[in-house]
Amino acid sequence: LALALGVDLGGTNVRAAAVRLEDGSFAAARRELHADRSPGAVVLGVVRVAREAAAAAGLPAGTPLGVGVAAQCRGGRVLNAPNLAWRDVPFAALLAEAWGAPVRVANDLSAAALGEQRFGAARGVDDAALVFVGSGVGAGLILGGRLHEGAGGLAGELGHVKVGLRPGDPGRPCGCGQRGCLEAYAGGVNLAARLREDVAAGRAGGLAALVGGDLARLGAATVEEGCARGDADALALWDEVGELLGDAVANLATLLDPACIVLGGGVLLGSPRLEERVRRRAEARVLEATRPGLRFARAALGDGAGLVGAALLAGPP
Ligand SMILES: [Zn+2]
């Protein structure tokens, strides 16, 4: 049985798994919380957890074993990871030095797209896009059966396409430094901020009541619950966000002609009413000739998709 070693580096923990390459299941998996978030300590944690997973799966110690890593990185560098308080850390280079065997680092959504395309919702499809709406918005692209990362590893930044700018409206500020990005309207962190702004301005009283006035609890789940209760502010917000996301997905599909678009991320998967609006809008707005060849699916591998994709990038020892 061919096994490969995958790692998923998150903001609070690192996970590693020895993955069976014939079906994507885990022969062994380990997880460790970051005790010390400095780059050097996190790199050592990655090495430790990956070695533990390899040993638990019976992979012989001492052989040079490649490892694939999914991380919030671009071109091997972590440009901005607020949870880790990292800015422009050359993570792939640091890890390669500590690991001593081939290391392949990919963006977490790219790795997740690869996992979903090989073993999940887009299985057997050569052209697929994973559209992720969680705390942020992004995409992973598989084109012609291969992961498409772009010239600088930056392909798939769907959260930073510009939306809905009217003359005279500069648009909402985005974490990337620009204004009018999709993520500034539709990402989970920004959705929560929009709700707090609305409540502070005396609007969305029904949604504030749903969280008992505790504004820190406002978020996508509040809007979803508000829609279930017929709250007009919640319905208007999901209509707007559904249109923005649906148009972006339609544009992505019109541009790339994928056979499958996989919808994932906590905001989308936790908000069926938003997901329905996104699908309907995307289907209505994609080029008509593209529509018959396009299928939508829900992400099937959960938060294990990045680990599986990372292992696929590493390949068998
Ligand atoms: Zn942006």
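Every number for a ligand or one of its atoms is a count from 1 in the order of the listing.
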* Asked: Does atom CD of E97 have more than 12 heavy-atom neighbours, drawn from other residues, nucleotides or ligands, at distances under 6.0 Å?
  -> no

* Is the number of heavy atoms from other residues, nucleotides or ligands under 6.0 Å of R229 CZ greater than 12? -> no

* **Any donor-acceptor N/O pair, Q178 side chain to P173 backbone, under 3.5 Å** => no

* Asked: Any cation-pi pair here, R51 with W99, using under 6.0 Å and within 45°?
  -> yes

* Structure fact -> Under 2.8 Å from the Zn ion (ligand 1), the protein N, O or S atoms found are H160 ND1, C174 SG, C176 SG, C181 SG

* Got a sec: does the CD of Q72 have more than 12 other heavy atoms crowding it under 6.0 Å? -> no

* Can you tell me if R295 uses its side chain to pair, donor with acceptor, with the backbone of C260 under 3.5 Å? -> no

